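Read the numbers this way: they start at 1 and go in the same order the structure lists the ligands and their atoms. Predicted, not measured: the structure shown is a model, and the values here were computed from it.
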Amino acid sequence: MSALILDGTKTACQIRAELQAEVSSMQIKPKLVVVLVGDDPASKVYVGMKEKGCREIGMLSEKHVLPGNTPEAALLALIDRLNADPSVDGILCQLPLPKHISEHNVLERIAIQKDVDCFHPMNVGYLATGNPFVKPCTPAGVIEIMKRHSITMKGAHAVVVGRSNIVGKPLAQLLLAEHATVTICHSRTNDLPAVCRSADILCAAIGKPEIIKGDWIKKGAVVIDVGVNRVDDASLPKGYKLVGDVAYNEASQVASYITPVPGGIGPMTIAMLLSNTLELHKKRISL
Ligand code: GUN
């Protein structure tokens, strides 16, 4: 039997329509500022999608593109200015940063009330204790797509493959908050296929193309693929294709639900970023 597709493009479109309706009734529009340092091609694409997302729902956006050799002090000074700017609701510094810049110093500099990613160590703490300002975008997108398809997380065994600060760790926190029983595993986990096979909900965020095979998946499991990997393919106009961390064709024969790549969690991430910007705006104007 073939799995039902969790269509992130369609679900994100519904969320954006809801956000647009709310934003249209606001006199002062929420504003997101995105900072990009360097010219990583994938980051440029993501930043472009974030700006477009804001425009489409009537939110304001501002982009700062800095050269790859920008000193850390200059980036921190920009963040200070944005923190102090009363027109700015959310600040996002696109990761990864160039190697000479400390990610920790940058994320810690963003005001916690404007930290639209929930990456500031204090917000990571608030997330762990159950009361974050906003939830991190990609993990929030995973939870939201399951909720909107009435997938039961309570009591389920959720296995998160990947332990990054951006996805794996915060996703585990959000799944716990939904009363799932959570296992985090990674590339060095003993018998990774067996751990994956024990999952009712399998979330792949390890960044390795199609590493999770069909026979790693329990029959009827929900498979959420967060991976976005570029794989060379000279026959395509761009010279590459995008694949997830899950071998989709095999997995969709076993799973009950599956997210495609592209068109799964990617669009959900953008929708949650817009939702977070709106939330931060509402929190700020109510202070
Ligand atoms: N790079 C990859 N994903 C993200 C994200 O969610 N936020 C930021 N700031 N950078 C990223």
(request) Classify the side-chain pair Q94/K50 by whether it contains a donor and acceptor separated by less than 3.5 Å. (result) yes
(message) Under 3.5 Å between any N/O of L95 and any N/O of ligand 1: does that happen in this structure?
(response) yes
(message) When you group the ILVMFWY residues by side-chain heavy-atom contacts below 4.5 Å and let the links chain together, are W216 and V195 in the same group?
(response) yes
(request) Could you verify whether a donor N or O on one side chain and an acceptor N or O on the other, from E279 and H281, lie under 3.5 Å apart? (result) no
(message) Below 4.0 Å from ligand 1: does a non-hydrogen atom of F119 turn up there or not?
(response) yes
(message) Side chain or backbone, does Q94 bring an N or O within less than 3.5 Å of an N or O on ligand 1?
(response) yes
(message) Side chain or backbone, does D117 bring an N or O within less than 3.5 Å of an N or O on ligand 1?
(response) yes
(request) Please check if any side-chain donor atom of T138 sits under 3.5 Å from a side-chain acceptor atom of T269, or the reverse. (result) yes
(request) Below 4.0 angstrom from a heavy atom of L92, which ligand 1 atoms are there? Numbered from 1 as shown, please. (result) 9 (N)
(request) With heavy atoms under 4.0 Å as the rule, classify the contact between C93 and ligand 1 as side chain, backbone, both or neither. (result) backbone
(request) Look at K147 together with E144 and state whether they make a salt bridge at an N to O cut-off of under 4.0 Å. (result) no
